[in-house]
Amino acid sequence: MSNRQNTTDVILIGAGIMSATLGSLLKELVPDWEITVYERLAKAGEESSNEWNNAGTGHASLCELNYTVQKPDGSVDISKAVKVNEEFQVSRQFWSYLVNSKLIRNPRDFIASVPHMSFVHGEKDVTFLKKRFEAMSNNPLFQGMEFSDDPAKLAQWIPLMMQDRSANGPIAATRIESGTDVNFGALTRIMFDHLKSKNVGIKFKYNVDDITRTSDGLWELKVRNIDNGTVERQRAKFVFIGGGGGSLHLLQKSGIPEGKGIGGFPVSGLFMVCQNPDIVAKHHAKVYGQAPVGAPPMSVPHLDTRVIDNKESLLFGPFAGFSPKFLKTGSMFDLITSVKPHNLVTMMAAGVKNMSLTTYLIKQVMQSKEQRMEALREFIPNAKSEDWDLLVAGQRVQIIKDTAAGKGTLQFGTEVISAADGSIAALLGASPGASTAVSVMLEVIQKCFPQHVEAWEPKLKEMIPSYGVKLLSKPELIREIHSSTAQALGLNSEPPLVERTAEEVKMG
Ligand SMILES: Cc1cc2nc3c(=O)[nH]c(=O)nc-3n(C[C@H](O)[C@H](O)[C@H](O)COP(=O)(O)OP(=O)(O)OC[C@H]3O[C@@H](n4cnc5c(N)ncnc54)[C@H](O)[C@@H]3O)c2cc1C
């Protein structure tokens with residue numbers, strides 16, 4: 001067993017979209033920093049970032065109903081939707097920069113225009129959707145949103161979903177032409193290929209077993225070659241833990257106080273996939289519905305057109321489930337070994353509070369294919385079982401922590417946890433995920449390299465013209481970004497926002 005020791009500027013743990021994004025940002029900001037990546041699998045983008053492990057929605061809150069909540073007075077709060085949309089605009093700008101600088105050759109390899117829609121039925125949900133539309137459609141971030149409760153119009157938008165649909169109760173949908181389907185797996189691989197060409201050392205099939213602080217303030221990683229079991233010790237000035245579901249265990253190993261008291265709750269997922277070209281050709285949209293009662297917000301069912309390797313298919317789900325693994329390729333002991341003395345009470349409190357969620361998830365796991373087909377038939381009334389196959393999706397590990405809302409609160413967002421001196425950071429949580437990778441990695445940069453941020457600002461603004469600006473305060477900039485990124489990425493651009501009166505908005 002060898003025990004070699006090297007020192008590098010930056011180590012990125014995990015070859016998913018997050019490490020790919022941070023590595024690409026840093027290589028543009030400080031090309032001479034030495035970066036090494038360790039990944040336990042044989043390729044980049046094989047866990048949650050893989051194209052078949054997530055839904056590929058460019059989350060911009062155009063259609064995901066869980067980002068807009070109805071307040072007790074009936075009005076709809078769109079503040080979370082605005083935040084998610086602004087974050088997606090940041091990703092679009094960075095990806096456009098990579099394309100314009102020829103660091104990415106062909107945007108069609110990872111992004112495509114696919115309209116985003118919300119679809120609801122029943123009086124209550126139709127009223128909610130209309131109010132959501134009223135709150136959003138005059139906002140420049142959501143320009144081009146249309147609403148309809150006319151079955152003939154809906155049949156034009158979503159013929160497959162309207163075919164053989166029995167008319168029982170009202171239905172309605174909103175649609176935005178300029179939504180996107182993103183192949184995050186391809187994007188991850190493209191970014192790693194680029195990093196490799198810039199001399200970033202990418203070590204596949206290396207598992208990071210341990211992280212410790214050295215007496216001279218560096219971080220030392222114990223890294224195991226999975227093929228032959230040899231162990232290396234690698235030191236770095238800065239470590240990013242981008243291990244996806246594997247991040248919590250690594251954060252715990254680092255021992256930083258900021259990582260104490262945090263737990264993780266794994267939610268597994270299943271999709272149904274259809275590759276029958278006759279059916280696929282009848283649907284071209286990502287259509288989100290309402291979450292079933294008791295379901296966690298990120299398992300809202302949706303029927304998605306996917307564009308993978310320039311070929312379209314349909315994906316339905318995810319059906320949430322329970323598995324104690326923290327990674328799809330993880331261990332059945334992941335959940336239990338994440339319980340430590342410092343998070344035991346928090347985890348127990350979460351366990352008690354989330355009994356009904358756990359029961360719901362276990363029931364979901366037990367569902368037969370035919371039961372899942374019934375859920376799909378809410379979207380495609382005449383769906384046939386033989387056209388759909390089951391596909392195991394990625395794992396999501398939700399954060400559990402003590403918050404103002406109480407002990408052991410389950411969180412549904414992502415969170416950057418970093419050491420006070422900025423020498424190590426980890427990304428925990430799952431949603432909105434890959435779509436917001438650039439904003440989240442900018443947050444890592446701001447938290448961990450505050451001494452450099454001022455000097456880096458001109459380059460950051462070159463890569464992300466809206467850097468440091470609240471987009472909503474600059475409608476002109478929103479229009480400019482929509483159109484320049486659509487052009488760079490080869491996407492449909494939003495129609496110009498036509499200011500409408502409240503009365504016109506109500507009429508739809
Ligand atoms: C069912 C589902 C649907 C989703 N849908 C969407 C969507 O529509 N839109 C969206 O934007 N996001 C979506 N997401 C979220 C998105 O996929 C994730 O947020 C994103 O891919 C996370 O990227 P990551 O780089 O953090 O993790 P990952 O892609 O999981 O990468 C982490 C890597 O770290 C490696 N690793 C872990 N531990 C170690 C270790 N000890 N040593 C070495 N390597 C290690 C793993 O092997 C893995 O390759 C979805 C996720 C799921 C599961």
Side-chain angles (χ1 to χ4, degrees), residues 11-23 37-60 63-64 84 87-88 91 114 116 179-185 187-189 191-192 202-211 221-226 240-251 253 266-271 286 288 296 298-300 302 304 306 315 317-321 326-331 334 391-398 413-414 416 426-438 440-441:
I11 288 181
L12 307 174
I13 306 177
I17 188 79
M18 298 298 168
S19 290
T21 304
L22 183 60
V37 184
Y38 288 103
E39 165 57 55
R40 60 196 283 275
L41 301 178
K43 284 195 269 177
E46 286 291 284
E47 271 286 340
S48 288
S49 302
N50 185 272
E51 49 272 45
W52 294 110
N53 286 346
N54 63 65
T57 305
H59 280 301
C63 54
E64 311 85 331
V84 173
E87 287 172 348
F88 188 59
S91 290
V114 175
H116 281 196
T180 52
D181 179 71
V182 185
N183 180 335
F184 292 111
L187 179 59
T188 303
R189 292 187 292 274
M191 287 203 263
F192 274 110
I202 307 173
K203 303 231 181 176
F204 291 115
K205 297 178 94 179
Y206 277 82
N207 195 76
V208 177
D209 285 349
D210 204 3
I211 309 178
L221 270 59
K222 184 176 156 201
V223 185
R224 182 170 38 89
N225 178 323
I226 289 173
F240 172 63
I241 304 176
S247 291
L248 180 63
H249 282 101
L250 291 164
L251 176 66
K253 285 183 170 145
V267 177
S268 62
L270 267 184
F271 287 119
K286 293 176 102 73
Y288 277 62
M298 76 296 175
S299 69
V300 178
H302 41 98
D304 285 1
R306 299 299 316 275
L315 213 61
F319 295 91
F326 277 14
L327 290 163
K328 191 172 165 178
T329 58
S331 146
D334 283 344
L391 189 77
V392 178
Q395 284 288 109
R396 290 194 254 208
V397 179
Q398 311 299 145
T414 49
V416 174
L427 179 69
L428 302 181
S431 286
S435 304
T436 56
V438 183
V440 179
M441 292 305 106

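Indexing begins at 1, ligand by ligand and atom by atom, following the structure's order. Everything numeric here is computed off the predicted structure, so don't read it as measured data.
Near N53, with a cut-off below 4.0 Å to any heavy atom, the atoms of ligand 1 are 1 (C), 2 (C), 52 (C), 53 (C). Near F184, with a cut-off below 4.0 Å to any heavy atom, the atoms of ligand 1 are 9 (N), 10 (C), 11 (O). Atoms of ligand 1 lying under 4.0 Å from at least one heavy atom of S435, given by number and element, are 9 (N), 10 (C), 11 (O). Listed by atom number, the atoms of ligand 1 under 4.0 Å from P432 heavy atoms are 10 (C), 11 (O), 12 (N). If you number the atoms of ligand 1 from 1 as listed, the ones under 4.0 Å from a heavy atom of T57 come out as 7 (C), 8 (O), 9 (N), 10 (C), 11 (O). Near Y38, the atoms of ligand 1 lying under 4.0 angstrom from a non-hydrogen atom of the residue are 43 (C), 44 (N).
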Worked check of salt bridge (charged side-chain N to carboxylate O under 4.0 Å, His left out) between K253 and D210: CA-CA 6 Å; K253 285 183 170 145; D210 204 3; 5.7 Å; no
Audit row: D209, V223, side-chain contact (heavy atoms from CB on, under 4.5 Å) steps and yes/no: CA-CA 6 Å; D209 285 349; V223 185; over 6 Å; no
Pair N54-S48, side-chain contact (heavy atoms from CB on, under 4.5 Å): steps then yes or no: CA-CA 6 Å; N54 63 65; S48 288; 5.7 Å; no
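Evaluated by nearest non-hydrogen atom to atom 43 (C) of ligand 1, the leading choice among H59, R40, Q395 is R40. Heavy-atom proximity to atom 15 (C) of ligand 1, evaluated over G185, A430, G330, is greatest for A430. Compare A393, S49, S91 by their heavy atoms: the one nearest to atom 28 (P) of ligand 1 is in S49.
Contacts of L327 with ligand 1, taken as heavy-atom pairs under 4.0 Å, involve the side chain alone. Residue contacts with ligand 1, taken as heavy atom pairs separated by less than 4.0 Å, do not involve A437 at all. Within the 4.0 Å heavy-atom criterion, the part of Y206 lying near ligand 1 is the backbone and not the side chain. By the criterion of a heavy-atom distance under 4.0 Å, the side chain of L250, and not its backbone, is placed next to ligand 1.
For the pair S247 (side chain) and G243 (backbone), a donor-acceptor distance under 3.5 Å is present. Side chain of R40 to backbone of G14: no donor-acceptor contact under 3.5 angstrom is found.
For T188, the side chain to side chain contact (heavy atoms under 4.5 Å, CB included) partners are I17, A20, A44, S49, F192, not counting sequence neighbours.
For the pair E46 and ligand 1, no heavy-atom separation below 4.0 Å is found. Taking 4.0 Å as the cut-off, A55 counts as a neighbour of ligand 1 on heavy-atom distance.
A donor and an acceptor atom, one from each side chain of T329 and E47, are located under 3.5 Å apart.
Using the six-membered ring where Trp is involved, F326 and H249 have ring planes that are tilted, between 30° and 60° apart.
To the nearest 0.5 angstrom, L250 atom CG is 8.0 Å from N207 atom CG.
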